[in-house]
Amino acid sequence: MCRTYTWIAPTHDLLALLVERRARRLAVEWAAPRNGERVLEVGVGTGLSFQKLLRRNPSGFTDGIDLTPAMLRLARWRARRAGTASHWRLQEGDAYDLPFPAGTFDLAFSSYVFDLLPEADFVPVLREFARVLRPGGRIVLAAMTKPRAWYERGWNALYRLWPPLLGGCRGVRLTFFLRKAGYQSVRRRHVSQLTFPSEVVHGTLPR
Ligand SMILES: C[S@@+](CC[C@H](N)C(=O)[O-])C[C@H]1O[C@@H](n2cnc3c(N)ncnc32)[C@H](O)[C@@H]1O
């Protein structure tokens, strides 16, 4: 994974801006970080979402992790431009074993990471997110999803042809797994941009 994203890093944002921008915007809107909150983003990539989360939470603290140093370098460059120095930290880390104590965060966010993980790992990883969230904490995820219309089918075909073409992403549906991992009030919206199907999901932990 790390090797794939090392060579994808310089061109990642082109496809992301073309086909993920709408879903990312909705995900940040649903995340609705309140100023002063502790926020975590997992798999920050080049920092496209991280920068938006920072700008909405200038007095809080936003942590971000990623497996790939080349992606983190770009995310740091982007975070510096958000103008919220000392209110964020970016470090190497793995979604499977988050480097934070239990009950640290108000909000956990991740975009276009679950669509890379094996389905068998969704619940354990979602439980790892739940561990670092406070009671009542929110989770917001964006991911490539399964096609809803015929014209959205080409992207999964590309994945089947050669997974690295899409950085290893394929369409997933996450709501079932969120509920299974203990999140409540789960909601989902399908977002299509230039035929690329994404979903945004939101859940809350019990208080
Ligand atoms: C498709 S990119 C998405 C980046 C960013 N979230 C965005 O929306 O543009 C996937 C990112 O997830 C990272 N990643 C993959 N598996 C991970 C894991 N187990 N833990 C942390 N980061 C991971 C990759 O290094 C890559 O930067």
Side-chain angles (χ1 to χ4, degrees), residues 1-31 33 39-55 62-79 81-82 88-100 105 107-129 131-132 139-145 155-156 158-159 162-172 174 177 191 193 196-201:
M1 184 60 55
C2 197
R3 194 159 354 124
T4 306
Y5 277 92
T6 299
W7 67 259
I8 282 180
T11 53
H12 171 272
D13 291 0
L14 187 63
L15 192 65
L17 290 168
L18 280 176
V19 299
E20 297 170 359
R21 199 182 60 245
R22 251 185 233 159
R24 189 188 312 285
R25 200 187 308 134
L26 179 68
V28 173
E29 205 178 289
W30 277 14
V39 174
L40 169 67
E41 183 182 352
V42 177
V44 291
T46 61
L48 290 169
S49 304
F50 193 74
Q51 190 187 50
K52 292 184 197 306
L53 294 170
L54 282 183
R55 286 199 165 129
T62 307
D63 271 289
I65 65 151
D66 200 287
L67 277 184
T68 311
M71 298 293 263
L72 279 169
R73 272 195 291 280
L74 293 168
R76 284 196 187 99
W77 169 79
R78 190 160 264 133
R81 294 159 62 103
W88 56 271
R89 176 175 49 189
L90 284 165
Q91 58 182 312
E92 274 181 56
D94 190 347
Y96 288 75
D97 184 16
L98 296 171
F100 304 103
F105 298 101
L107 166 69
F109 183 97
S110 191
S111 53
Y112 300 98
V113 173
F114 276 80
D115 44 22
L116 298 169
L117 307 181
E119 198 170 284
D121 296 349
F122 288 175
V123 170
V125 173
L126 287 167
R127 287 196 178 128
E128 177 62 357
F129 279 45
R131 180 186 69 77
V132 299
I139 186 169
V140 177
L141 308 172
M144 178 178 169
T145 195
W155 298 93
N156 262 333
L158 281 181
Y159 174 81
W162 191 45
L165 272 178
L166 286 183
C169 296
R170 86 291 187 205
V172 297
L174 293 168
F177 301 96
V191 180
Q193 185 176 352
F196 184 85
S198 292
E199 68 173 11
V200 177
V201 295

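Counting starts at 1 for both ligands and their atoms, following the listed order.
Ligand-side atoms of ligand 1 in range of E41: 6 (N), range being under 4.0 angstrom from any heavy atom. Residue T68 has at least one heavy-atom neighbour below 4.0 Å for each of these atoms of ligand 1: 24 (C), 25 (O). Contact atoms of ligand 1 toward V113: 12 (O) (distance under 4.0 Å to a heavy atom of the residue). Taking every heavy atom of D94 and a limit of under 4.0 angstrom, the matching atoms of ligand 1 come to 18 (C), 19 (N), 20 (N). Atoms of ligand 1 lying under 4.0 Å from at least one heavy atom of M71, given by number and element, are 27 (O). Numbered from 1 in the order shown, with element, the atoms of ligand 1 that lie under 4.0 Å from a heavy atom of G43 read 4 (C), 5 (C), 6 (N), 12 (O), 22 (N). Close contacts of ligand 1 with L116, meaning ligand atoms under 4.0 Å from a residue heavy atom, involve 10 (C), 15 (C). Heavy-atom contacts of D66 reach the following atoms of ligand 1: 11 (C), 12 (O), 13 (C), 22 (N), 24 (C), 25 (O), 26 (C), 27 (O) (cutoff under 4.0 Å).
The aromatic rings of F50 and W88 sit perpendicular, their planes meeting at an angle over 60°, well past the 30° parallel limit.
Geometrically, ligand 1 and S111 share a nitrogen or oxygen pair separated by less than 3.5 Å. When only interatomic distances are considered, the shortest N/O to N/O separation between S49 and ligand 1 does not fall below 3.5 Å.
More than 12 heavy atoms of other shown residues, nucleotides or ligands fall within 6.0 angstrom of atom CZ in R131.
Interatomic distance, L74 CG to D13 CG, rounded to the nearest 0.5 Å: 7.0 Å.
In terms of the side chain to side chain contact (heavy atoms under 4.5 Å, CB included) criterion, residue partners of R22 (sequence neighbours excluded) are, by chain and number, V191, Q193.
Between the E199 side chain and the L174 main chain, a donor and an acceptor come within less than 3.5 Å of each other. The main-chain N or O of L72 is never found under 3.5 Å from a side-chain atom of D66 such that the two would form a donor-acceptor pair. Side-chain atoms of E41 never come within 3.5 Å of backbone atoms of F109 as a donor-acceptor pair (strictly under, hydrogens ignored).
At least one heavy atom of G93 sits under 4.0 Å from some atom of ligand 1.
Screening Y96, F114, F105 against F129 for a ring pair (Phe, Tyr, Trp, His ring centres under 6.0 Å) leaves a single residue, F114.
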